[in-house]
Protein chains: 2
Amino acid sequence: MAPLDRSIVANVPIFASLSADDLDAILCDARSVRYPKDSSVFDQGGEAHSFFVLLHGHLRVEKTTPQGQQIVVRYVSAGELFGVAQALALKNYPATAIAVVDSVALSWPSALWPQLTAKFPALAAGALQTVGSRLQDTQDRVLEMSSEQVEQRVAHALLRLAKQAGRKVEHGVEIDFPISRQDVAEMTGTTLHTVSRILSAWEQQGLVEGGRQRIVLRDPHRLFEIAEGQGK
Amino acid sequence: MAPLDRSIVANVPIFASLSADDLDAILCDARSVRYPKDSSVFDQGGEAHSFFVLLHGHLRVEKTTPQGQQIVVRYVSAGELFGVAQALALKNYPATAIAVVDSVALSWPSALWPQLTAKFPALAAGALQTVGSRLQDTQDRVLEMSSEQVEQRVAHALLRLAKQAGRKVEHGVEIDFPISRQDVAEMTGTTLHTVSRILSAWEQQGLVEGGRQRIVLRDPHRLFEIAEGQGK
DNA sequence: GGCGGAACTTGTTTTAGCGCAAGCTCCCAG
DNA sequence: CTGGGAGCTTGCGCTAAAACAAGTTCCGCC
């Protein structure tokens, strides 16, 4: 296997506190894999053979009910730890992860998790924080779904996406990967149709700028007001 | 401080793998506190001074928006670890925990968490699993809220409560603590009114039996069918 | 370069369940 | 044992948003 240089994980927060030697030790068990756009990194229900760190690209994590209803659990950006099912005592992945653009991830066999955390307690602490902040996010989402109108939820979702994966463009912030109305609907618990209507209305008012699988926020501040309920 | 005997934590899963000596070491830093019904163990936004294990009773964990909207995040039963904000790198508690019946909890100063987990890695692993399964639950809840009708969600909520805190009674399973329609509404993202209507209808059909802050499931199997969407 | 389908838009109809309002019941305090 | 209030029930209208239903546009592929 090609040796992995530790410089490739310079921007991975969970490894930040480790020494160069420790990093090398960890990396020597890792494999680097390329996932082309639209391919899956792991599948819901599949055996949790590995855990991962995303080096480059973006993933969409989605969850499907037995009845076929689907939601987007979250998007993963470069530098994030994901697929730690094993650490949560799960034998199978609880969701599916799909590359929304060509992506690269490091992977380790799940079986190594106990040894690695034993040797590097910072890893366990980091994972706990990662999972904890995801729990926070998910609880906030429940709160949003209980208390906010669809329009507010969509505004929140866009702002969060922009924060996580926004790229400054000429007149606004563009979400840096292809995202459909359907995806936004599955993030906010609504339908493709309603999202389309809302975005059309916002486009009229110059708040956003659309396109096929493309969203640019032209007036994030106004969107924030809508998200907070000040809007109209 | 009165010494705590290790027998009191015999039924706490997170401590299950520890030796008697280790347990004694951990317990000697713990305080046992009694929380009368309706008192709060910690408050949303308050400084995260301690983490806890519930020895006896039941807690309701709730979260409030700036606008005053409230949801029930979950219920805590005896044996569970809770209030581990510190471990998730939070300085303040993200929710409020209220005793729904007279309860007893062990508490440790948050500051001890790093040392305890360093000394007893099983603790960190256990906390990770606890937080992980909460994340699972919360994600399932989002999925439910996106894809199910209110009636199904209420059925799911009752079944979950019964599983977690059900007590066999003459003709069914009773939720083992006082719970109002409002509470169920806040668990399922609906209103007191709708829950009341649904429970009334179910009572007519003999599926449940109500009362002031009291719910008895008389036909869990039928409720399960409703929860799964087979109903009506 | 045109064909096919995925992504999106937009209009109309329908409905779940929320908001409001009124009244009931049971528990507890005085 | 009586009064007050918390918890609950129930009726009614309304509305946000889902469902249903046609399109239109754009992109990649043969």
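A note on names: the letters A, B, ... follow the listed sequences, proteins ahead of strands, and every chain is numbered from 1.
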Participant: State which residues pass side-chain contact (heavy atoms from CB on, under 4.5 Å) with B:Pro36; sequence neighbours excluded, sorted by chain then number.
Facilitator: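 Only B:Arg34, B:Ser39, B:Asp102 meet the side-chain contact (heavy atoms from CB on, under 4.5 Å) criterion with B:Pro36.
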
Participant: What's the angle between the local helix axes at either end of the helix from C:dG1-D:dC30 to C:dG30-D:dC1, using five pairs per end and rounding to 10 degrees?
Facilitator: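 What I find for the helix from C:dG1-D:dC30 to C:dG30-D:dC1 is an axis angle of 50°.
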
Participant: Within the distance-only criterion (no hydrogens, no angle test), does the side chain of B:Ser196 pair as donor or acceptor with the backbone N or O of B:Leu192 below 3.5 angstrom?
Facilitator: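 Checking the backbone N and O of B:Leu192 against the side chain of B:Ser196, no donor-acceptor pair under 3.5 Å is found.
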
Participant: Got a sec, which residues hit ring-ring contact (aromatic ring centres under 6.0 Å, His included) with B:Tyr75, two or more places apart in sequence or on another chain?
Facilitator: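 B:Phe177.
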
Participant: Report, one line per pair, each donor and acceptor closer than 3.5 Å where one atom sits in a side chain of residues 206-215 of chain B; sequence neighbours left out.
Facilitator:
| residue | atom | partner | partner atom | Å |
| --- | --- | --- | --- | --- |
| B:Glu209 | OE1 | B:Arg218 | NH1 | 3.0 |
| B:Arg214 | NE | B:Glu174 | OE2 | 3.1 |
| B:Arg214 | NH1 | B:Gly210 | O | 3.1 |

Participant: Among residues at least two apart in sequence or on other chains, which ones pass side-chain hydrogen bond (donor to acceptor under 3.5 Å, both in side chains) with B:Arg74?
Facilitator: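 By the side-chain hydrogen bond (donor to acceptor under 3.5 Å, both in side chains) rule, B:Arg74 matches B:Glu80.
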
Participant: Does the ring centre of B:Tyr35 sit less than 6.0 Å away from the ring centre of B:His56?
Facilitator: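 Ring centroids of B:His56 and B:Tyr35 are no less than 6.0 Å from each other.
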
Participant: Going by side-chain contact (heavy atoms from CB on, under 4.5 Å), name the residues that satisfy it together with B:Gln149, two or more places apart in sequence or in a different chain.
Facilitator: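 B:Gln149: side-chain contact (heavy atoms from CB on, under 4.5 Å) contacts with B:Gln152.
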
Participant: For A:Arg60, check side-chain hydrogen bond (donor to acceptor under 3.5 Å, both in side chains) against everything at least two apart and list the hits.
Facilitator: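 Listed in chain order: A:Glu62.
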
Participant: Return yes if some donor-acceptor pair links the side-chain N/O of A:Arg141 with the main-chain N/O of B:Gln139 below 3.5 Å, else return no.
Facilitator: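 Checked: no pair found.
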
Participant: Of all nucleotides in DNA chain C that come within under 4.0 Å of a heavy atom of chain A, which is furthest toward the 5' end and which toward the 3' end?
Facilitator: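 Answer, 5' to 3': C:dG5 to C:dT12.
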
Participant: So do B:Lys63 and A:Val142 actually touch side chain to side chain, heavy atoms under 4.5 Å?
Facilitator: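 The answer is no; the side chains never approach within 4.5 Å.
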
Participant: Please enumerate all residues that pass side-chain hydrogen bond (donor to acceptor under 3.5 Å, both in side chains) together with B:Thr194, with sequence neighbours excluded.
Facilitator: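 Listed in chain order: B:Thr191.
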
Participant: Taking protein heavy atoms under 4.0 Å as touching, what does nucleotides 17-30 of chain D look like 5' to 3' if B marks base contact, S marks sugar-phosphate-only contact and - marks none?
Facilitator: SSBBB---BBS---

Participant: Which residues, if any, of residues 169-184 of chain A bring a heavy atom under 4.0 Å of DNA chain D?
Facilitator: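 None, since no heavy atom is under 4.0 Å.
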
Participant: Run the side-chain hydrogen bond (donor to acceptor under 3.5 Å, both in side chains) test against B:Asp43 and tell me which residues pass, sequence neighbours left out.
Facilitator: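 Applying side-chain hydrogen bond (donor to acceptor under 3.5 Å, both in side chains) to B:Asp43 gives B:Ser40.
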
